[in-house]
Each structure stands twice: as C-alpha cells, then as structure tokens.
S.K.: 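A single structure is presented below for examination.
Just so it is clear, the values below take in all heavy atoms, side chains as well, and ignore hydrogens, waters and symmetry mates. What you are looking at is a predicted structure, and each value in this text was computed from that prediction instead of being measured.
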Amino acid sequence: MADEVPPQRYTAALANEIEHKWQDRWDDQHVFETPNRTGLLSEDAHHVADRPHMFVLDMFPYPSGVGLHVGHPLGYIATDVYARFQRMNGFNVLHAMGYDAFGLPAEQYAVQTGTHPRETTEANIANMKRQLRALGLGHDPRRGPATTDVQYYRWTQWIFLQIYNSWYDDDAQRARPIGTLVQEFRAGRFPTPDDIPFDELEDLDQRRLVDSYRLAYEAYAPVNWCPGLGTVLANEEVTGDGRSERGNFPVYRRPLKQWMLRITSYADRLLDDLESLDWSDSIKQMQRNWIGRSTGASVRFPVEGHEDLDIEVFTTRPDTLFGATYMVLAPEHPLVDVVTANQWPDDELSNDFASNPLDAWKGVFGATDPPPDAVRRYRDFAAAKTDLERQTETKEKTGVFIGAFAINPTNNERIPIFIADYVLMGYGTGAIMAVPAHDERDFEFAREFELPIVPVIRPGDEWLTEHNADPDDAATWPEAYVGDGVAQNSANEEVSLDGLRVDDAKRVVTEWLERAELGRPTVTYKLRDWLFSRQRYWGEPFPIVYDDEGPIALPDEMLPVVLPEISDFEPVTSDDPDALPEPPLARAADWVEVDLELPGPGWGGYGEGVHTYRRETNTMPQWAGSCWYYLRYLDPTNEDTMVDPQIEATWAEGTRVDGSPKVGLVDLYVGGVEHAVLHLLYARFWHKVLFDLAYVSTIEPFQRLVNQGYILAAAFVDGRGTYVDAEQIEERAGKYYFEGKEVKREFGKMGKSLRNAVAPDDIYRDYGADTLRLYEMFMGPLDKERPWSTADIVGVHRFLQRLWRNFVDENTGESRVADAPADDETRRLLHRTIDAVRTDMAELSFNTAIARLFELNNHLTALVQRTGALPLEVASPLALMVAPLAPHVAEELWSRLGHDDTLTYESFPTADQQWLVEERVEVPVQINSKVRARVEVAVGADAAAHEAAARAEPRIAEMLVGATVRQVKVVPGKIVNFVLA
RNA sequence: GCGCGAGUGGCGGAAUUGGCAGACGCGCAGGAUUCAGGUUCCUGUGCCCGAAAGGGUGUGGGGGUUCAAGUCCCCCCUCGCGCACCA
C-alpha cells in the first residue's frame with residue numbers, strides 16, 4: 001500500500017520533513033526578528049528604515065496545562081497569515097506572542113500538589129511554545145514576555161504606581177500627577193476640611209485628603225466576596241446569576257476594605273472614543289451597555305417632618321415630574337432608618353387620597369407591626385433572595401410603605417415613601433420618584449399597592465385607540481405609556497410644561513429645577529470603579545506598604561516587589577459567607593514586616609528615617625498583566641522604562657483601513673469575544689491613563705478588533721446526559737453509537753467539557769501543519785463560528801498535493817518548472833487571481849483567497865498534464881501567493897525555483913493591468929427577466945451594440961418573432977433584458 | 001423584555017453599487033488507470049418533469065418597490081450571542 005506511493009509525493013511525512021527544516025531555518029536565520037527603528041532592538045533597523053510599521057496582535061493565552069486543541073490557534077493562524085502578507089507588502093510587521101501566566105489554575109495545582117506555581121507555569125509555557133512553533137507562526141521570539149517574569153511585573157507595578165500617584169482633573173478631562181493636586185489645593189480650587197488652607201492642615205489630614213483623590217484608592221465598600229474562591233471579585237467577573245465566572249461559586253455582597261481603580265472617571269472617554277475604533281458594532285454596544293451612561297436630572301424631594309432633609313432621586317424623565325405620586329428607596333438606602341416613621345399615619349390620609357389605602361400600602365410586611373418592624377422584615381426578605389431568585393422569579397413587585405411622606409416639589413403634593421427591591425442601591429442615588437403613568441415598573445407597583453396614577457403625557461391617538469384608553473384617566477390604561485407625547489397636567493405658578501413634547505419638557509423643567517435649586521442635570525453610569533485586589537498568591541504584589549495611618553506607595557527605585565517564596569499557597573476558602581478574606585501572603589511574616597527608609601513626599605511624616613512597615617498582602621487581579629502587555633512587546637528588554645516613547649511613537653504611525661490616521665496603537669487585534677467587556681475595557685482604561693501622563697502617544701490601544709468565531713465540533717450525549725468521547729463514536733445509517741449504545745449528537749464549542757477536542761498534534765501527524773493552517777482558514781469567514789470536520793481536511797490537503805505535483809515530479813523529484821512563456825489564458829487567470837487574492841487577504845477573507853488559489857492551481861494541473869511543464873512566470877507568483885497561508889511548502893517550492901533566501905520579505909505579486917482587461921465579455925440576455933441566451937460583445941460596447949448582438953442571437957431572434965417589445969433594458973457589460981408586452 | 005448577529009444544495013460556504021444564485025471544497029454518481037481496494041486524473045451533481053433538447057421552480061415565511069431582489073422596504077417565524085427591575 002504505502003510502498004506504492006510515489007517517493008516524492010506530498011504526504012504527511014514529506015510535509016513534516018519540510019516543515020521541520022524551515023522552522024529550524026527561520027530560527028537560525030532570525031527571520032522573524034522585527035527591528036525597531038530606534039532604541040533597543042534597532043541593530044538591524046537599516047533593513048526597515050523606510051518601511052511603514054504595522055502591529056498585528058493576538059490576545060495572548062493563559063498557558064494551560066492541558067495543551068492546545070485545534071480551536072485555539074484559529075486566531076493565531078489568521079494573524080500570522082495577515083502578518084506574513086503585510087511583510088510581503090513592504091511593512092515592518094511586529095508580531096509576537098507572550099503569556100498571560102498569573103492566575104488560578106497554576107495556583108490551584110500548587111495547592112493540590114505542592115508544586116510551585118512558577119514551575120508549573122514555566123513547564124506549560126514551554127509546551128505551548130512547542131505546539132505553536134509547530135504551526136509555523138512567524139513570531140519575534142525576543143518580544144513575548146510572560147506576565148510572571150519579574151522583569152515584566154516590575155513594570156506592571158510601576159504602572160500601578162503611576163495610577164496611584166495621579167488624580168482625575170474633571171475640568172481638564174484627564175489624569176494629572178498627584179503633585180499638581182496639591183497646587184490646586186493651595187490655589188483654593190478644591191475645598192479642604194473646614195476650609196482650612198491646605199498648608200495649615202495637619203500632615204495626616206493632608207495625606208487623607210490627597211489619598212481621597214487618587215486614581216487608585218482603598219475603599220470600604222460593598223464588594224463581591226466569593227468565599228468558595230477565598231477572594232473578592234470585580235463586577236465583571238460575576239455572572240448574571242450571582243456566581244463566580246471561574247468555578248461557579250456563590251458570590252456575596254459584603255462591605256470590605258479593598259483597592260479600587262477609578263475607572264468611572266474615564267467613563268465618558270471610554271464611551272465616546274469607541275466611535276474612532278474599527279470594532280464590530282456588537283462589541284462596541286456591549287461596552288456601551290456596560291458603561292451604561294444615562295442622562296437626566298437629579299431632583300431633591302423634601303421629606304415631611306424633616307426640615308433640613310431632602311432625598312435625592314435620579315430620573316431620565318424629569319418631564320414627568322408632575323406625575324410622581326410616590327417615592328421608592330432601595331431597601332438598604334442609608335436614609336431609610338432616618339425617615340421611617342414610628343407609627344402608621346392615621347385617618348388624615350383620606351384627606352389626600354380618594355379612599356384610605358393604608359392597608360394596601362402596609363401589605364404583608366407591615367400588616368401587624370409598626371413601620372420599623374415592617375422595614376426590618378422586608379429587608380430580611382429582600383436580602384434572603386439570591387440574585388438568581390430575583391432573576392427567575394416573575395418580576396412581581398414587592399415592597400412596603402415606611403410610614404413617611406415626601407413632597408413632590410412641583411405641586412407640593414404629599415407622596416408616600418416605600419422601600420422595594422426593584423430599586424437598586426447600586427444605581428443612580430438608590431432612590432426614585434415613581435411616575436406610574438409613564439414607567440412600566442412603577443405602573444405595576446402602583447396597581448399592586450393601589451397608588452394613584454396621574455397621566456402627565458398625553459399618549460398618541462393610535463395608542464389610545466388601540467387600547468381603548470381615556471387620555472385623562474389612567475384607570476382605563478392597560479399599561480404605562482412610555483412613548484413620546486405632549487405634556488399635560490404639568491403646570492404650577494412658576495413653570496408650565498403643558499403642550500410641550502417630551503424633549504422640550506425635559507429641558508424646560510430641568511431649567512426650572514436649577515433656578516429653584518431643586519435639582520440639576522445629571523449623568524449616571526452603570527460602570528463602577530474597578531475592584532483591584534485579590535486574596536491570591538499567584539499574582540503581582542502591590543508596591544504598597546502601610547504605616548499605622550494607611551497606605552504608602554513605594555518609590556520607583558524599590559521595584560520590583562518580588563513575590564516571596566512560601567510553602568502554603570492556599571487561600572482560606574470556606575462555605576461561610578461571613579468568613580473574612582485572608583490572603584496567603586499574610587503568612588509570609590518576614591516578608592510582610594519590612595524596615596525601609598522612604599523618601600516620602602512629607603505628608604504624614606513617614607519620610608524621615610528607617611521605620612518598620614507592613615506590606616500589602618493582596619495581589620493584583622489577572623487582568624493587570626494583560627492590560628499593557630502589547631506595550632512591552634514594543635520594547636521588551638528595556639530596563640530603564642516601560643517602553644521608550646520614541647519606539648511607541650514609531651509603531652503608532654500609520655493609517656486605518658480607510659486611510660485616515662489611526663488613533664489606536666495596534667493595527668489589528670484578534671481574539672475571543674469573551675473579553676468584550678473585561679480585558680478590553682480595562683486595557684483601554686490603563687492606556688488612557690498612560691496617555692494622560694504622556695507615556696504613550698496614542699489615545700487607544702487597539703485600532704481594529706476582530707473577534708474570531710469559535711470552532712464547534714460534534715459532541716455526543718448518552719442516555720444519562722453525560723458527554724462521551726467524540727473520538728470513539730461510530731456512525732451507522734445516520735445514527736451514532738458509543739460502545740454499542742446509541743447516543744445523541746449536538747454541536748458545541750470545542751473543548752474539554754464537551755469531550756470533543758481534536759489535538760493539533762494528530763492533524764500534523766496525518767496531514768502536516770500547512771494543511772491544518774489552510775484548513776482552518778478555508779472553513780469560513782474568520783469572525784463566524786464554524787464546525788470542525790476532520791473529514792473535510794482532505795480537500796485542502798489534496799490542493800497542496802496538486803500544487804506540489806505541478807512543481808515537482810512525484811517519481812523523480814525533478815522540477816517541472818520551465819522558463820517558457822505561459823499562454824494568454826493562463827496569464828489572464830494568473831493576474832485575475834493575483835488581483836482577487838490581494839483584495840481578499842487585505843480584508844481577512846482568507847477562505848475566498850484560498851478558493852481563488854484552488855482555481856488557478858486546478859487550471860495549472862490540466863496545463864501541466866497537457867504540456868508537461870509549469871511556466872516559471874506562473875510558478876513564482878503562485879509560490880509567493882501561497883506563502884502567507886502555507887509558508888513551509890511555499891518556502892520549499894521557492895527554494896527549488898533557485899532562490900537562496902527566505903521568501904518572507906519578497907514582494908507579494910502585483911497584477912498586471914494589461915491582463916485584467918478582457919477584450920470580449922459574455923453578457924446574459926433575458927426575456928422578461930429570464931435568462932434565455934448569452935452573447936459575446938466587445939468590452940466597452942454601447943447599449944445599441946448590446947441590443948443588436950442580442951437580437952442577432954438565433955434563439956432570442958426566434959423568441960422575439962411576433963412579440964411586442966415594450967422595453968429594452970441594457971446595462972453594458974452586465975445584462976440585456978427584453979420586456980415584452 | 002431590550003440590543004446585536006444569522007437563516008442560501010446532502011454538508012462547510014461564495015455572490016462590489018440590485019444585474020447569470022450556488023464560486024471553491026467535502027460528499028455523492030459515472031468513467032479512465034488498477035487483478036482488486038486505495039491513490040491519481042476526467043466528467044456530472046440545487047430541486048421537479050424529461051431519454052435528450054428543453055421547461056418549471058428555487059436563497060426561513062408572507063407582502064411590497066423594480067425591467068430585474070439572496071441583496072432595498074414592511075410584517076412574521078426560527079436559531080445563536082449579549083444585557084436584563086439601570087429609574
């Protein structure tokens with residue numbers, strides 16, 4: 001069998017031989033080492049001095065211990081094809097791969113086995129590097145740091161210090177060094193405690209005041225505490241049903257003192273600058289939703305019986321203020337305890353309300369006891385609900401009256417105050433004015449609790465007709481009216497909104513609120529500050545120590561703060577939500593206690609002499625290292641600075657796809673959609689801080705983002721609902737069997753959990769790496785999910801075999817390429833192919849580029865069979881066009897054409913216009929829009945010539961006999977259509 | 001519920017500005033090579049009628065605009081993803 005295969009056929013064995021040979025050669029000759037134009041790594045810059053620069057980036061991987069499956073490298077192959085293509089277009093392309101190596105799995109493995117996480121991590125990185133090298137990825141090996149390298153995280157710590165030592169100047173809309181804040185205090189721009197001049201404040205007060213403005217600060221605030229992981233988590237790491245994204249443990253809201261980063265100061269810029277990025281609309285929309293900006297007004301409602309107390313609410317519908325008939329506070333709102341009455345109000349209610357609804361307002365929680373007990377009971381009820389219950393439960397409104405009244409400032413009506421869990425403490429002010437006529441939730445609540453519903457916007461006639469509703473009587477309404485309309489019942493002595501449409505009414509009422517000092521225009525965000533500390537071992541230590549008064553930043557010279565060696569890596573985990581976080585580093589006693597002489601700025605008196613300090617024992621979250629790794633790729637060996645600004649500036653040059661100057665540093669960033677809000681938001685935030693502080697010249701990190709689709713694969717479930725190994729499935733007559741028993745087929749993301757992973761090593765063995773690369777690129781558009789089918793691989797493998805055979809005699813190994821001219825038809829096809837492949841590659845449309853190459857190669861197969869030779873003028877450009885996709889075989893063919901150097905830096909072929917223009921073109925002829933014939937006309941022929949040619953076509957002529965031609969439509973070069981009467 | 005995306009042969013997928021639907025690949029059928037299987041090469045392959053010529057029909061469903069619609073407009077269905085009491 002195998003012995004009958006021709007000795008020089010392109011089989012897996014030959015492919016592997018070629019692949020190893022070229023991978024070794026690329027390394028030996030440093031082919032993919034990309035020089036900087038200036039600074040470090042610029043020794044070879046003369047090669048590229050005049051080349052434009054391009055930065056092509058992958059989301060770097062976590063070096064997992066289980067190794068890669070074929071779904072992982074999809075994006076890496078795509079960026080590699082693009083990077084190779086652009087190198088051949090004359091760009092100096094930066095393409096490298098680092099490792100996001102801090103994180104839980106290595107630490108959990110360490111807990112189980114005692115193996116130091118560093119050891120596990122390094123072994124995993126080595127294995128992953130081996131697997132990626134086998135794919136032939138053209139990475140600069142000098143530029144891929146691991147976030148766990150001390151020389152890397154030293155700069156992560158340094159960036160933290162920059163953030164810590166900055167404050168956000170809202171007027172200038174940018175971060176500024178903390179020193180300038182002191183100047184502002186001295187100049188009197190910001191208030192000081194008790195209006196004491198800054199320099200007359202106690203040192204400690206100065207320090208506290210300044211600390212409260214920093215972009216990195218400690219806060220005692222409700223955070224996501226996950227006892228199951230033994231750590232706190234960022235909002236972004238908690239799933240919708242209140243569990244940890246990692247490990248799926250329950251998460252509890254608890255007030256704890258933690259490090260926070262002031263990302264909310266950047267909310268507007270993070271939102272607005274999305275406009276200038278070439279990202280998909282869906283990712284932009286996900287970021288917009290996460291930031292959640294809404295504009296409206298905050299309004300202060302006086303509270304009856306509390307002269308100097310107002311409750312502030314936020315609303316996006318200030319135009320409906322006259323219709324506010326009650327108020328709702330979040331159950332945990334701090335003013336609830338102040339405002340709650342001791343007794344229920346008595347009959348006086350019936351003076352203000354048509355009937356006495358007190359019993360309805362008390363509901364089940366206040367039925368028997370006075371308001372304070374009702375409040376306590378309701379709070380217990382609300383707190384006991386998990387987030388999951390809140391979600392799955394029908395959104396039935398619950399709540400209770402707290403016995404107190406606020407005053408609607410527009411009309412001085414008494415409005416009852418409720419607490420209800422449909423108002424969230426975490427958004428706006430944690431209190432709302434309820435306008436049941438024009439808000440669905442308030443409407444439901446009002447119906448439930450028999451509260452008045454006052455229409456202040458007249459619904460459109462269509463809505464009124466449809467619901468058979470009376471515009472003045474909300475009792476006839478089936479639901480709230482939330483659309484546009486004309487304001488009504490909205491006038492007092494100072495202001496009238498009546499007759500205004502919603503937008504105008506908003507403006508007018510907001511102006512009045514400001515004049516009357518009752519409120520002001522306000523913008524709120526869903527985005528919260530970023531919880532930045534974790535109770536883990538395997539992360540970056542903070543460059544922070546404490547004295548008795550609080551945190552102190554270490555000076556740059558004391559970096560890096562190296563992670564101490566300890567033996568017990570285990571965080572204290574528990575099922576008890578009341579357990580306290582306890583970081584493993586706290587156990588490293590000789591590391592935690594440290595004697596230092598700090599050259600402090602003078603506040604707090606910690607600058608003089610050697611003192612004993614305690615180190616911060618929390619570590620940074622995994623996102624810290626991934627926030628800036630792309631910057632380190634630019635200047636990975638620099639020991640003096642994070643990145644040489646001049647080097648950053650050269651890589652920042654360039655244009656967007658549409659030719660306008662780019663605002664983001666990285667030209668193309670490819671990665672998974674799962675980072676839509678986490679990594680991509682955090683990295684943008686850090687980049688903007690670094691921009692404000694003039695460490696980088698770009699306002700955004702990633703100009704163009706492409707999310708590659710997942711690779712799906714068939715997965716099989718047995719009768720018990722367990723996934724079984726997809727490799728052991730037998731198919732018979734459209735049914736699937738595992739160990740003889742029938743199983744059900746599903747499709748899902750390839751991976752360990754569905755037991756449907758395919759290892760790249762198996763594919764190399766059976767087909768070679770070039771085949772794998774080509775297959776992954778041929779499966780479909782990069783950004784679409786696609787089902788893996790090992791059976792389909794033979795298609796691209798056959799292409800490579802045919803390609804090989806067209807160049808090389810399978811039996812003798814001799815070249816079949818001859819320096820003879822190609823015929824015109826072949827030339828035309830070649831140049832059309834070049835033209836199309838160029839366009840497709842530039843648009844990342846690799847699947848269609850490959851299809852074009854198939855067509856050309858199929859044509860050549862017939863040609864070689866007919867003539868016995870492949871013309872050199874076709875062979876050379878073909879090898880070059882294949883090179884980005886299947887670089888090993890292309891290099892081999894190129895060298896067999898007599899070239900000594902790698903083709904990496906050869907020019908990508910350019911189509912000769914002469915061979916793109918056809919002399920004659922075939923045009924379909926339609927009768928009544930159905931194609932009935934085709935005619936050939938000269939290119940550039942006019943409409944009359946087209947019509948004449950069509951009429952001369954025998955079949956058309958026949959069909960036109962005796963028919964009345966009502967109209968003839970001609971689009972020259974495209975179509976002729978006879979419209980008959 | 002809101003937002004985004006997608007629905008095209010047996011399968012993966014192609015189709016600038018509306019202008020020959022199904023490129024390319026898999027699979028399938030037939031043929032050549034072969035003792036045979038496999039490989040390789042050639043031919044065919046949306047569906048229906050037909051020996052063929054040819055005809056009809058066809059891009060989730062329904063309507064519309066147009067000489068012409070996968071593409072534009074309106075309504076609906078299904079699937080995937082994200083968000084979800086955000087005031």
Side-chain angles (χ1 to χ4, degrees), chain A residues 1-2 4-6 9 11 240 280-286 288-290 292-294 296 313-317 320 328 330 390-391 393 395-397 420-424 426-435 438-442 444-445 524-526 673-674 676-677 707 710 712 734 747 774-775 778-781 783-789 791-796 798-799 801-802 805 810 836 839 845 847-855 857-858 861-862 865 922-934 955 966-971 973-980:
Chain A
M1 199 170 112
E4 289 179 41
V5 172
R9 172 160 293 175
T11 57
S280 72
D281 288 338
S282 64
I283 297 283
K284 286 186 184 180
Q285 198 55 45
M286 283 162 79
R288 285 190 198 108
N289 289 343
W290 191 263
R293 174 162 70 189
S294 44
V313 304
F314 172 73
T315 178
T316 57
R317 293 294 302 273
T320 62
V328 187
R390 283 190 172 201
Q391 193 177 62
E393 245 175 44
K395 289 178 180 160
E396 210 168 282
K397 296 289 176 288
D421 67 357
Y422 83 93
V423 174
L424 309 173
Y427 188 76
T429 62
I432 63 158
M433 63 176 210
V435 185
H438 306 293
D439 180 281
E440 281 175 43
R441 296 149 301 177
D442 297 344
E444 282 172 37
F445 192 86
T524 65
Y525 303 89
K526 256 165 72 180
V673 68
E674 67 272 17
V677 284
N707 295 112
Y710 293 120
L712 309 178
F747 272 90
L774 210 50
Y775 175 63
F778 185 60
M779 286 164 86
D783 55 355
K784 299 267 167 55
E785 62 182 13
R786 60 200 72 197
W788 177 268
S789 166
D792 287 357
I793 295 176
V794 293
V796 291
R798 278 180 203 150
F799 162 73
Q801 281 188 338
R802 272 185 278 234
R805 194 158 42 229
E810 284 187 324
T839 314
S845 180
N847 54 331
T848 52
I850 292 167
R852 299 293 191 160
L853 292 170
F854 278 16
E855 279 178 286
N857 193 51
N858 287 346
T861 301
Q865 222 159 40
E922 198 183 64
V923 174
V925 182
Q926 298 179 329
I927 289 178
N928 285 339
S929 307
K930 283 190 192 269
V931 179
R932 298 297 178 182
R934 286 160 228 284
R955 198 168 129 73
R966 198 154 52 95
Q967 200 181 5
V968 184
K969 284 271 173 184
V970 178
V971 182
K974 291 279 187 194
I975 206 148
V976 180
N977 190 7
F978 291 95
V979 186
L980 305 187

S.K.: Whom does B/G1 pair with, Watson-Crick or G-U wobble, provided both distances fall under 3.5 Å?
M.R.: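 B/C83 is the nucleotide pairing with B/G1.
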S.K.: Strictly by Watson-Crick or wobble contacts shorter than 3.5 Å, is anything paired with B/U33, and which nucleotide is it?
M.R.: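 Its partner is none (no Watson-Crick or G-U wobble pair with both distances under 3.5 Å).
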S.K.: Considering only the P atoms, how many Å lie between B/C2 and B/C72, rounded to the nearest integer?
M.R.: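 Result for the P pair: 23 Å, nearest Å.
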S.K.: For A/R317, what residues pass the side-chain hydrogen bond (donor to acceptor under 3.5 Å, both in side chains) criterion, not counting sequence neighbours?
M.R.: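 A/D319.
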S.K.: Under the side-chain hydrogen bond (donor to acceptor under 3.5 Å, both in side chains) test, which residues partner A/R955, sequence neighbours left out?
M.R.: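 Result, side-chain hydrogen bond (donor to acceptor under 3.5 Å, both in side chains) vs A/R955: none returned.
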S.K.: Pick the P atom in B/G9 and in B/A23, then give their distance to the nearest Å.
M.R.: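 B/G9 and B/A23 have their P atoms separated by 13 Å.
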S.K.: Taking side-chain hydrogen bond (donor to acceptor under 3.5 Å, both in side chains) as the test, write out the residues that go with A/Y427, two or more places apart.
M.R.: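 Result, side-chain hydrogen bond (donor to acceptor under 3.5 Å, both in side chains) vs A/Y427: A/S294, A/T524.
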S.K.: Check nucleotides 68-73 of chain B against the protein and report each pair of N or O atoms closer than 3.5 Å, with its distance, or say if there are none.
M.R.:
residue, atom, partner, partner atom, Å
B/A68, O4', A/S929, OG, 3.4

S.K.: A/Q285 has an atom CD; how far is it from atom P of B/G3, in whole Å?
M.R.: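 Distance check: A/Q285 CD to B/G3 P gives 10 Å.
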S.K.: Output all residues satisfying salt bridge (Lys or Arg N to Asp or Glu O under 4.0 Å) with A/R805, sequence neighbours left out; order by chain, then residue number.
M.R.: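 For A/R805 the salt bridge (Lys or Arg N to Asp or Glu O under 4.0 Å) partners, ignoring immediate neighbours, are A/E810.
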S.K.: For nucleotides 77-82 of chain B, print each protein N/O atom paired with a nucleotide N/O atom at under 3.5 Å, atom names and distance only.
M.R.:
none

S.K.: Provide the Watson-Crick or G-U wobble partner of B/G7, both distances under 3.5 Å; none if there is no partner.
M.R.: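 Base-paired to B/C77.
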S.K.: Can you list the residues that meet the side chain to side chain contact (heavy atoms under 4.5 Å, CB included) rule with A/N857, with sequence neighbours excluded?
M.R.: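 With sequence neighbours excluded, A/N857 shows a side chain to side chain contact (heavy atoms under 4.5 Å, CB included) to A/F799, A/R802, A/L803, A/N806, A/T861, A/L878, given in chain and number order.
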S.K.: Which protein N or O atoms sit under 3.5 Å from an N or O of nucleotides 23-25 of chain B?
M.R.:
residue, atom, partner, partner atom, Å
B/G25, OP1, A/N858, ND2, 2.9

S.K.: Can you tell me the pairing partner of B/C67 across any strand shown, Watson-Crick or G-U wobble, with both distances under 3.5 angstrom?
M.R.: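 B/C67 is paired with B/G19.
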S.K.: Applying side-chain hydrogen bond (donor to acceptor under 3.5 Å, both in side chains), can you list everything that pairs with A/E674, at least two apart in sequence or on another chain?
M.R.: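 Expected list: A/Y710.
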S.K.: With sequence neighbours excluded, tell me which residues meet side chain to side chain contact (heavy atoms under 4.5 Å, CB included) with A/N289.
M.R.: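 Once residues adjacent in sequence are excluded, the partners of A/N289 under the side chain to side chain contact (heavy atoms under 4.5 Å, CB included) criterion are A/Q285.
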S.K.: Identify, with sequence neighbours excluded, every residue that meets salt bridge (Lys or Arg N to Asp or Glu O under 4.0 Å) alongside A/D439.
M.R.: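 With neighbours one apart ignored, the set is A/R441.
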S.K.: For RNA chain B, whose closest nucleotide is more 5', that of A/K930 or that of A/A791?
M.R.: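 Whichever sits nearer the 5' end wins; that is A/A791.
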S.K.: Using heavy-atom distances to pick each residue's nearest nucleotide on RNA chain B, tell me which of A/I283 and A/F314 is more 5'.
M.R.: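 By nearest-heavy-atom nucleotide position, the 5'-most residue is A/I283.
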S.K.: Quick one: side chain to side chain contact (heavy atoms under 4.5 Å, CB included) partners of A/A933, sequence neighbours excluded?
M.R.: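 In terms of side chain to side chain contact (heavy atoms under 4.5 Å, CB included), with neighbours along the sequence ignored, A/A933 is linked to A/E953, A/I956.
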S.K.: Only pairs with both distances under 3.5 Å count, Watson-Crick or wobble alike; so what is the partner of B/A53 in this structure?
M.R.: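 Paired with B/A53, as far as the under-3.5 Å criterion goes, is no nucleotide at all.
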S.K.: According to the Watson-Crick and G-U wobble definitions, with both distances under 3.5 Å, which nucleotide is paired to B/G27?
M.R.: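 B/U45 is the nucleotide pairing with B/G27.
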S.K.: Taking B/G22 as the reference, what is the distance to B/G10 when you measure between their C1' atoms (whole Å, please)?
M.R.: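 B/G10 and B/G22 have their C1' atoms separated by 14 Å.
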